[in-house]
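These figures come from a predicted structure and were not determined experimentally. Chain letters run A, B, ... following the sequence lines, proteins first and then strands; every chain starts at 1. Excluded from the calculations below are hydrogen atoms, water molecules and symmetry mates; all remaining heavy atoms, backbone and side chain alike, are included.
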There are 2 protein chains.
Amino acid sequence: MLSKKTKYGLKALSYLARQEGNTPVQVGEIASNENIPQKFLESILLTLRKSGCLGSKKGKHGGYYLIKKPSDIIMADVMRVLEGPIALVPCVSLNFYEKCDDCPDEISCSVHKLMIQVRDSTLNVFRNTTLADVSKTSKDMDLIK
Amino acid sequence: MLSKKTKYGLKALSYLARQEGNTPVQVGEIASNENIPQKFLESILLTLRKSGCLGSKKGKHGGYYLIKKPSDIIMADVMRVLEGPIALVPCVSLNFYEKCDDCPDEISCSVHKLMIQVRDSTLNVFRNTTLADVSKTSKDMDLIK
DNA sequence: ATTATTCCTATCGATTTAATAGGAAATACA
DNA sequence: TGTATTTCCTATTAAATCGATAGGAATAAT
């Protein structure tokens with residue numbers, strides 16, 4: 001299951017991607033528009049900024065803004081920052097690998113093989129989706145038709 | 001992330017699938033061979049039995065056994081019993097649907113659309129994999145070559 | 001009877017999650 | 001210069017979940 005943190009983070013990024021210019025948007029505005037507790041969102045945007053997904057400006061008229069084009073922001077990267085490993089078990093994680101306590105032999109572990117398949121299929125989605133895809137509203141989709 | 005419960009449950013099912021006959025196998029045997037805490041495994045096998053994935057026999061010489069051919073046991077079903085929803089958010093779950101508190105409009109929610117894609121790709125794996133596939137050891141794989 | 005096993009309920013400690021609190025640091029602007 | 005505004009940072013909390021254990025009832029074989 002996705003944590004609220006991840007869900008809120010994605011919605012906030014999507015909100016920023018839907019902005020016209022690149023002027024900073026305040027946490028309060030995002031929070032109220034997306035129904036996210038403001039203080040919680042504050043901490044989430046902070047981690048996104050620290051990981052290089054966002055820029056920020058302090059003080060009056062400050063806020064957060066994207067530092068890359070939405071079409072250059074890969075969801076796999078965002079997901080790893082917000083949610084951590086994409087794999088369902090650490091022993092098949094590409095970026096957060098850990099050996100299992102209970103498995104003497106990884107190669108012959110039945111769970112292992114299955115989880116590699118799941119990881120790859122999930123990764124296939126996240127690697128081929130950008131924030132630009134995610135942030136398209138249904139109104140945008142109508143216009144495309 | 002996969003819970004230990006699910007991981008242990010999968011390993012236990014796989015162990016049973018690798019048995020020759022269909023005579024009951026005791027929890028203790030599975031637990032020691034798969035490095036699973038026995039009491040914990042007891043409760044896991046109980047839920048698998050209650051959900052119809054396993055049969056059991058009480059008393060001396062009792063134990064657990066598969067009631068279907070491994071090739072008829074679909075991983076999607078097993079995963080739902082052990083782990084619950086396959087979807088990453090309840091609002092895209094086929095079997096455990098729940099509305100989000102924070103989304104006024106599901107259709108236009110950006111997270112929603114992404115999560116449907118992930119669900120479908122994961123489901124594609126779990127629906128097309130049976131316990132027979134999972135329980136194949138690397139030794140089996142060698143023999144096939 | 002005795003022994004071995006599943007079945008059931010309850011509980012526990014540790015961890016994680018979601019959220020809040022309070023204030024420091026920085027910035028805009030009057 | 002000073003005040004309002006906003007991000008930044010640390011700490012804390014309440015609730016939920018997870019992993020595991022405890023103890024014994026019910027059942028079956030010998």
Side-chain angles (χ1 to χ4, degrees), chain A residues 1-12 16 23-32 34-67 81-85 88-90 96 98 100-102, chain B residues 1-12 16 23-32 34-67 81-85 88-90 96 98 100-102:
Chain A
M1 279 283 154
L2 221 58
S3 65
K4 294 264 183 182
K5 177 184 173 188
T6 301
K7 191 187 179 194
Y8 292 159
L10 293 178
K11 289 179 88 171
L16 288 175
T23 55
V25 180
Q26 293 160 24
V27 175
E29 179 186 334
I30 306 174
S32 64
E34 297 289 343
N35 298 305
I36 304 172
Q38 172 157 351
K39 273 290 192 180
F40 193 12
L41 183 57
E42 238 177 66
S43 70
I44 296 168
L45 295 184
L46 208 48
T47 64
L48 282 169
R49 197 221 60 189
K50 285 182 180 170
S51 72
C53 295
L54 282 179
S56 69
K57 192 186 164 193
K58 283 188 183 179
K60 210 167 187 176
H61 300 171
Y64 289 90
Y65 52 90
L66 298 180
I67 50 179
V81 167
L82 290 170
E83 188 73 9
L88 290 181
V89 278
F96 300 83
E98 258 178 75
C100 302
D101 303 331
D102 53 315
Chain B
M1 279 280 153
L2 218 63
S3 65
K4 293 267 183 182
K5 177 184 172 189
T6 302
K7 191 187 178 192
Y8 292 161
L10 292 178
K11 290 179 87 171
L16 288 175
T23 56
V25 180
Q26 293 160 23
V27 176
E29 178 187 333
I30 305 174
S32 64
E34 297 287 345
N35 298 304
I36 303 171
Q38 173 157 353
K39 271 290 192 180
F40 194 12
L41 182 56
E42 236 177 68
S43 69
I44 297 168
L45 294 185
L46 207 49
T47 62
L48 282 169
R49 196 223 62 189
K50 284 180 180 169
S51 72
C53 295
L54 283 178
S56 69
K57 192 186 164 196
K58 283 190 183 177
K60 208 167 191 176
H61 299 170
Y64 289 91
Y65 52 90
L66 299 179
I67 50 180
V81 168
L82 290 171
E83 190 72 10
L88 289 181
V89 279
F96 301 83
E98 259 177 74
C100 303
D101 303 331
D102 54 316

Using whole Å, what does the distance between atom [atom2] of nucleotide [N] and atom [atom1] of [X] come to?
| X | N | atom1 | atom2 | result |
| --- | --- | --- | --- | --- |
| Gln26(A) | dA26(C) | CD | P | 19 Å |
| Leu45(A) | dT6(D) | CG | P | 15 Å |
| Tyr8(A) | dT17(C) | OH | P | 14 Å |
| His61(A) | dT5(D) | NE2 | C1' | 8 Å |
| Lys4(A) | dA16(D) | NZ | P | 13 Å |
| Leu54(A) | dC8(D) | CG | C1' | 14 Å |
| Leu2(B) | dC18(D) | CG | C1' | 13 Å |
| Lys58(B) | dT5(C) | NZ | P | 15 Å |

Counting side-chain heavy atoms from C-beta on, which of [options] comes nearest to [X]?
| X | options | value |
| --- | --- | --- |
| Lys60(A) | dT7(D), dA4(D), dT3(C) | dA4(D) |
| Phe40(B) | dG19(D), dC7(C), dA28(C) | dG19(D) |
| Glu42(B) | dC8(D), dA29(D), dT6(C) | dT6(C) |

At under 4.0 Å, does any side-chain N or O of [X] touch on OP1 or OP2 of [N]?
| X | N | answer |
| --- | --- | --- |
| Arg49(B) | dT6(C) | no |
| Ser56(B) | dC7(C) | yes |
| Tyr65(B) | dT6(C) | no |

I'd like to know if Lys39(B) reaches the base of dG19(D) with its side chain, counting only an N/O donor and acceptor under 3.5 Å.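 No, the side chain and the base share no sub-3.5 Å donor-acceptor pair.
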Could you tell me which non-hydrogen atom of [X] sits nearest to which non-hydrogen atom of [Y], and how far apart they are?
| X | Y | answer |
| --- | --- | --- |
| Ala31(A) | Gln38(A) | CB-CA, 3.8 Å |
| Phe96(A) | Gly84(A) | CE1-C, 3.7 Å |
| Ala12(B) | Leu41(B) | CB-CD1, 3.9 Å |
| Glu34(A) | Lys11(A) | OE1-CE, 3.3 Å |

Need one value for Lys50(A): base, sugar-phosphate or nothing, where a base atom within 4.0 Å counts as base even if backbone is also close, heavy atoms only. sugar-phosphate
Within the 4.0 Å heavy-atom criterion, would you say Gly28(A) contacts the bases, only the backbone, or no part of the nucleic acid? nothing
Most 5' of Pro37(A) and Gly59(A) on DNA chain C, judged by nearest nucleotide: Pro37(A)
side-chain contact (heavy atoms from CB on, under 4.5 Å) with Leu54(B): which of Leu46(B), Thr47(B), Leu16(B)?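 Going through the options one by one, the only one that passes is Leu16(B).
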